[in-house]
Amino acid sequence: METVAWSRPENERADTPLLLMLHGYGSSEKRMAEAFAAMPRGFTCAAPRGPLDVGGDWGWFLLDYFLDNDFAEVVAAATKVLAWLDTVTATYKFSSVSVLGFSQGMAMGTTLIRLRPGMFTAAVGLSGFALQNDLLGAMEPLARKVPFLWARDTEDLVINPDATAFTAEWLAANTDLQQARYEGLGHNLRADELSDVASFLTANVPGSFVPRG
């Protein structure tokens, strides 16, 4: 992960909970950084840039209109993120690691949980999906069900009905699931949604809440 946006300078990261924030396809770390201020103040937020060049923007793995993918690309990207996480957690001694993903970032976040289920304290998926894959599915259901908030607009036209149906089934079987619906949101982020995300994270991640004073 060569380019990462951070919410804190290096000298303020130690012993804080880490919130890994993963952008969508054709986006960048800058989009996630715009949401840093809405997250609970105890977190160190980190938004890495995906490795795939998408016409000057970025993604995690190649994706077509039907959300089909090359699983080797998915595993390669996820392995890079996990290796980076191992390095930064060793460096800064983060008290915990949670993950938030938007759109394709949710697919990446749920893949990280599937590969390393004991690593994450809480998770959030925004307007996204989980990957349907037999190799990952062979190791499921997961032994530990991470608290997971899935927030979306039911009329979001970017995530197709088959992907949504699988995601609902997978989350119900493998996470401690909470759901939120936002009429008129489309395939976007919105202030009321991010406020609810912050409340969910505060309730599930020790040390994430810091009162304003």
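- For the pair L126 and E193, the tightest heavy-atom approach, listed with the atom from each and the gap, is CD2-OE2, 3.4 Å.
- Looking only at distances, no side-chain donor or acceptor of R114 sits under 3.5 Å from a matching main-chain atom of G109.
- With W58 contributing its side chain and H23 its backbone, the two residues share no donor-acceptor pair below 3.5 Å.
- Atom-to-atom distance recorded for F148:CZ and D176:CG is 11.5 Å, nearest 0.5 angstrom.
- For R8 (side chain) and F43 (main-chain N/O), a donor-acceptor pair under 3.5 Å exists by modelled atom type.
- At a threshold of 4.5 Å between non-hydrogen side-chain atoms, the residues L112 and L82 count as touching.
- Neither L189 nor L185 shares a network with the other; the hydrophobic side chains, linked directly or stepwise wherever heavy atoms of I, L, V, M, F, W or Y lie under 4.5 Å apart, form separate groups for each.
- Counting heavy atoms of neighbouring residues, nucleotides and ligands inside a 6.0 Å radius, atom CG of D53 exceeds 12 of them.
- L85 and M108 fall within the same hydrophobic cluster, where Ile, Leu, Val, Met, Phe, Trp and Tyr residues are linked whenever their side-chain heavy atoms come under 4.5 Å apart, directly or through other members.
- A tilted orientation is assigned to the rings of F102 and H187, their planes being inclined by 30° to 60°.
- Between L131 and T111 there is a side-chain heavy-atom pair separated by less than 4.5 Å.
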L136/L115 under side-chain contact (heavy atoms from CB on, under 4.5 Å): CA gap, chis, key distance, verdict: CA-CA 8 Å; L136 289 174; L115 294 173; 3.9 Å; yes
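- Annotation: side chain of T164 is not in contact with side chain of T167 (no heavy-atom distance under 4.5 Å).
- Checking side-chain atoms of N204 against main-chain N and O of A122 turns up no donor-acceptor pair under 3.5 Å.
- The side-chain heavy atoms of L142 and T175, taken from C-beta on, include no pair separated by under 4.5 Å.
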Stepwise side-chain hydrogen bond (donor to acceptor under 3.5 Å, both in side chains) test for W170 and E140: CA-CA 9 Å; W170 185 86; E140 295 167 354; 2.9 Å; yes
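- Sparse packing is recorded around CD of E169, with 12 or fewer heavy atoms of other residues, nucleotides or ligands lying under 6.0 Å away.
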I'd like to know whether T110 forms a side-chain contact (heavy atoms from CB on, under 4.5 Å) with V99, so could you lay out the CA-CA distance, the side-chain angles of the two residues, the decisive distance to 0.1 Å, and finally the verdict. CA-CA 9 Å; T110 50; V99 60; over 6 Å; no
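- In the hydrophobic clustering of ILVMFWY residues, with side-chain heavy atoms under 4.5 Å counting as a link, F129 and V146 come out together.
- Of all heavy-atom pairs between G186 and S127, the closest is O-OG, 4.0 Å.
- The minimum heavy-atom distance between L22 and P48, with the atom names listed, is CD2-CG, 4.0 Å.
- Note that the OH atom of Y25 and the CG atom of D57 stand 10.5 Å from one another [nearest 0.5 Å].
- With a 4.5 Å cut-off on side-chain heavy atoms, D162 and F166 do not count as touching.
- Taking hydrophobic clusters as Ile, Leu, Val, Met, Phe, Trp and Tyr residues chained together by side-chain heavy-atom distances below 4.5 Å, V205 does not share a cluster with F120.
- Across K80 and P51, no two heavy atoms sit closer than the pair NZ-CB, 4.4 Å.
- Among F36, Y92, W6, the one residue that satisfies the side chain to side chain contact (heavy atoms under 4.5 Å, CB included) test with T44 is W6.
- With sequence neighbours excluded, the residues that form a side-chain contact (heavy atoms from CB on, under 4.5 Å) with A198 are P40.
- Atom CG of L135 sits about 5.0 Å away from atom CG of N133, to the nearest 0.5 Å.
- Distance check, rounded to the nearest 0.5 Å: CH2 of W60 to OG of S103 gives 13.0 Å.
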Between V4 and W84, does the side-chain contact (heavy atoms from CB on, under 4.5 Å) criterion hold? Intermediate values first, please. CA-CA 11 Å; V4 182; W84 175 80; 3.9 Å; yes
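- At distances below 3.5 Å, at least one donor-acceptor pair connects side-chain atoms of E73 with backbone N or O atoms of L62.
- Remark: the backbone N or O of A180 is not paired with any side-chain donor or acceptor of R152 at under 3.5 angstrom.
- Annotation: the span from R13 atom CZ to E10 atom CD amounts to 5.0 Å, rounded to 0.5 Å.
- In terms of modelled atom types and a separation under 3.5 Å, the side chain of S199 and the main chain of S195 share a donor-acceptor contact.
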Result block: side-chain N/O donor-acceptor pairs under 3.5 angstrom for residues 26-33, not counting sequence neighbours:
from: S28; atom 1: OG; to: K30; atom 2: N; distance (Å): 3.1
from: E29; atom 1: OE1; to: R49; atom 2: NE; distance (Å): 2.9
from: E29; atom 1: OE2; to: R49; atom 2: NH2; distance (Å): 3.1

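- In terms of heavy atoms, D153 sits closest to G184 at OD2-N, 3.3 Å.
- At a threshold of 4.5 Å between side-chain heavy atoms, the hydrophobic network of Ile, Leu, Val, Met, Phe, Trp and Tyr places F200 and L100 in one connected group.
- Side chain of K93 to backbone of A90: a donor-acceptor contact under 3.5 angstrom is found.
- When all heavy atoms of M106 and L171 are compared, the pair lying nearest together is CE-CD1, 3.9 Å.
- Between L177 and Q179 there is a side-chain heavy-atom pair separated by less than 4.5 Å.
- With Q178 contributing its side chain and P147 its backbone, the two residues share no donor-acceptor pair below 3.5 Å.
- With a 4.5 Å cut-off on side-chain heavy atoms, M39 and V197 count as touching.
- Between D15 and S95 there is no side-chain heavy-atom pair separated by less than 4.5 Å.
- S208 contributes atom OG, which lies 6.5 Å from atom CG of L201 (distance to the nearest 0.5 angstrom).
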Does D86 form a side-chain contact (heavy atoms from CB on, under 4.5 Å) with M119? I'd like the steps, not just the answer. CA-CA 10 Å; D86 288 340; M119 186 175 200; 3.9 Å; yes
